[in-house]
2 protein chains.
Amino acid sequence: MRIPARPTMADVAAAAGVGMGTVSRVVNGGVNVRESTRRRVEAVIERLGYRPSHLAAALSRGTSRTVAILVPYLTRPASVARLAGALSVLAEQRYQTIVCIVETPGQLDHHLAELTVRHRADGVIAVSVPLGEEHVAAFRRGSVPIVAVDTVVAGVPQTTARDVAGGQLAAGHLLSLGHQRIGFIGDLISKQELPFTSSKLRMRGYRRELTSAQIRFDPRLVRLGAHSAAAAAELASQLLTMRDPPTAIFAASDTQAMGVLRAAERCGFAVPAMLSVIGFDDIESSALLDLSTIHQPLEHSGAEGARRLCTLLAGSRVRPLRQQLPLRLVKRASTGPLPGRSGGSRPHLLSAGAGGRARERSQAGPPAGRRPLDTRFTRHSSRHVEGGM
Amino acid sequence: MRIPARPTMADVAAAAGVGMGTVSRVVNGGVNVRESTRRRVEAVIERLGYRPSHLAAALSRGTSRTVAILVPYLTRPASVARLAGALSVLAEQRYQTIVCIVETPGQLDHHLAELTVRHRADGVIAVSVPLGEEHVAAFRRGSVPIVAVDTVVAGVPQTTARDVAGGQLAAGHLLSLGHQRIGFIGDLISKQELPFTSSKLRMRGYRRELTSAQIRFDPRLVRLGAHSAAAAAELASQLLTMRDPPTAIFAASDTQAMGVLRAAERCGFAVPAMLSVIGFDDIESSALLDLSTIHQPLEHSGAEGARRLCTLLAGSRVRPLRQQLPLRLVKRASTGPLPGRSGGSRPHLLSAGAGGRARERSQAGPPAGRRPLDTRFTRHSSRHVEGGM
DNA sequence: GTGAAAGCGCTAACAC
DNA sequence: GTGTTAGCGCTTTCAC
């Protein structure tokens, strides 16, 4: 008896002398099959090297137990953490997961077209990706359930954090330390990108908090640029080389805050003695760098989104359509009281005197009247000193 | 004319008064269809809200244009970078990608079972995941093409870096700076985990290089633990509180090197004045922290793996079965000459005098005879000083 | 250019 | 328990 190159279930049935139904039962757990029959069929399966076809099974069943997740920027720790949280739940629930990187409108359209097709994904999780009504409508027309994480999408179950409140929390923390001139560094969204909103919302919270504190908003203290430590460092350098630099900087993300720390070190601002820095997200390396920040449960948000999608797929309704995850201020060593107020703050790692390195050109040339970068040695207890001397 | 809940291609054909073949052609690019016919069919498609079935199309065609990627540890920047590189190429080639997180033997078996099924994945990329012969055989039996990235798998096209050579490069760099007592911090693989090999290979390079330099291998200078900055910091503290601590430490990854930097700072070892630190991978934050390291093209390796898989899927053979990507020593500020040899090294960020913070207990208590952490202020030009004073 | 029809390989309902 | 069969929804010859 010759073995077909790619035996099908029918081949197995024939070879085992049983009907296809029996083979199907054996393949799918073997319930309602006599033990001896099961063994015989399994032997044939083994002998023929039979592999069931996922496609045929899924088509017949009408579902493939596959979900898709839209996520931007694998370069950002926060995105990755959310993705990881979702993947872990999905794997646990025995769903396979298609990951789609979505950063530009073009990519969104592309993946939308693929995912709104019938039978491609049982459901979709949109992480941080801003979906318009037309996108939601497309999924609805395709009867593809969708949930959102870290992004507000009308009419869709969503798991978010209060970015505005978080911005207030950060600014409020700095205000409570006596700071009045507080800089903000956030994302500048280019035309090619999708309009990701968290930076903007966090800035809104910052402005709101400043207003509550009766502090005049100074647009010169706000700098927007690419979402990277390097870009943030450049922007922070601009702030720190102003005639009247801020005494604190709120960065819209920890990644950017790290750039600020770097800039502070380069420009000779001891942290937190001369400059307080706070970030947002509480990614893993923030603890390592002792960065004060706004903590949000990143992995958990992805996991929650996945769970809610599973609920939807199981045919249930999800309970609160808008789920808000808690935010929390994490005070570490990068923020401290305004110099000259209570003094004696603990020093931060990155700013305690390491000078510039020769091969690195300072990104913003040293301002007139400021010492060259490589001759400074900061003392933590110094007050009202300029330039870190 | 009533509209079926989920119209099929047959419904469209009937409503448009054409055959199914025509509708199929229209849906798939509309070649060989008269303009007027195409319009008519498209109108019906729109009116009925027809969505093609991916499953049916794929089953009929015999392929789903979907690949799977096995990757461990989304918590590791290196894994994520490789994943990102692969996803980007795959999206470009219009493949959808199923991402499977694989960290334990159980997860590997699970995903293996799912992916060796017929018609699930057109091909598979294994990133860093150690596959045994039995796994390769399973994919072969299922006729599922597979390529490996950052892992050696017998008989499978693979894209790797010379980890052993990289370890030699790192150790050699430290040796060339005059260091003789060189510590190593690497991964301890638990029984529950898959036997990931890079740390071990890098250590092999380290030992090999030491041997070449006629330096006796001291097992006390080798510490293995969990792959995290925190665990590495703990291990580094152990090394630094020895009676005769190493003057340099090679960490098997940048993440671990960051833990070492942190430990150095806590234990009062100025970097690189008193301790040189080198990592491996050159992840993004390494530049920010000015960490010397061994650079390897992470994203590129993922991209190459993806390209090679695509080549395989296109029916071609891949050229060199074993593709080796170049490794490169990146000298930054965390490594310097052995104290007392040439002196005058540039200071490293994390070690220039920031003291411990009160609420953080030092992980390994300060050794007898060493100053308390919070009273030190390091001067860069100092030599032979202990504790950073 | 277009229509008809034979698969693709399985699941599930139903009869025995 | 087990066999039979009708779909699942599309692609792709092949004839016209």
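The chains referred to below are lettered A, B, ... by the order of the sequence lines, with proteins before strands, and numbering in each begins at 1.
The nearest pair of heavy atoms linking A15(B) to V44(B) is CB-CG1, 3.6 Å. Residues V124(A) and L309(A) come closest through the heavy atom pair N-CD2, 3.8 Å. When every heavy atom of V156(B) is checked against every heavy atom of A148(B), the shortest pair comes out as CG1-N, 3.7 Å.
Counting heavy atoms of neighbouring residues, nucleotides and ligands inside a 6.0 Å radius, atom CD of E133(B) does not exceed 12 of them.
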Query - Audit row: H119(A), R51(B), side chain to side chain donor-acceptor pair (under 3.5 Å) steps and yes/no - result: CA-CA 9 Å; H119(A) 292 161; R51(B) 313 262 124 187; over 6 Å; no
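Ion pairing between a basic and an acidic side chain is recognised when a charged N comes within 4.0 Å of a carboxylate O; E35(A) and R38(A) show such pairing. Residues R308(B) and E304(B) are not paired through a salt bridge, judged by the lack of any N-O separation under 4.0 Å between the basic side chain and the carboxylate.
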**Report entry** Per-nucleotide protein contact string for nucleotides 6-16 of chain C (B base, S sugar-phosphate only, - none; heavy atom under 4.0 Å)
**Finding:** -BBBBBBB---
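If you check every strand for non-hydrogen atoms under 4.0 Å, G30(A) touches nothing.
Judged purely by distance below 3.5 Å, without hydrogens or angles, the side chains of Q323(B) and T159(B) pair a donor atom with an acceptor atom.
Over its length, the helix from dG1(C)-dC16(D) to dC16(C)-dG1(D) turns its helix axis by 30°, as judged from the five terminal pairs at each end, rounded to 10°.
Atom CZ of R40(A) and atom P of dG1(D) are 14 Å apart (whole Å).
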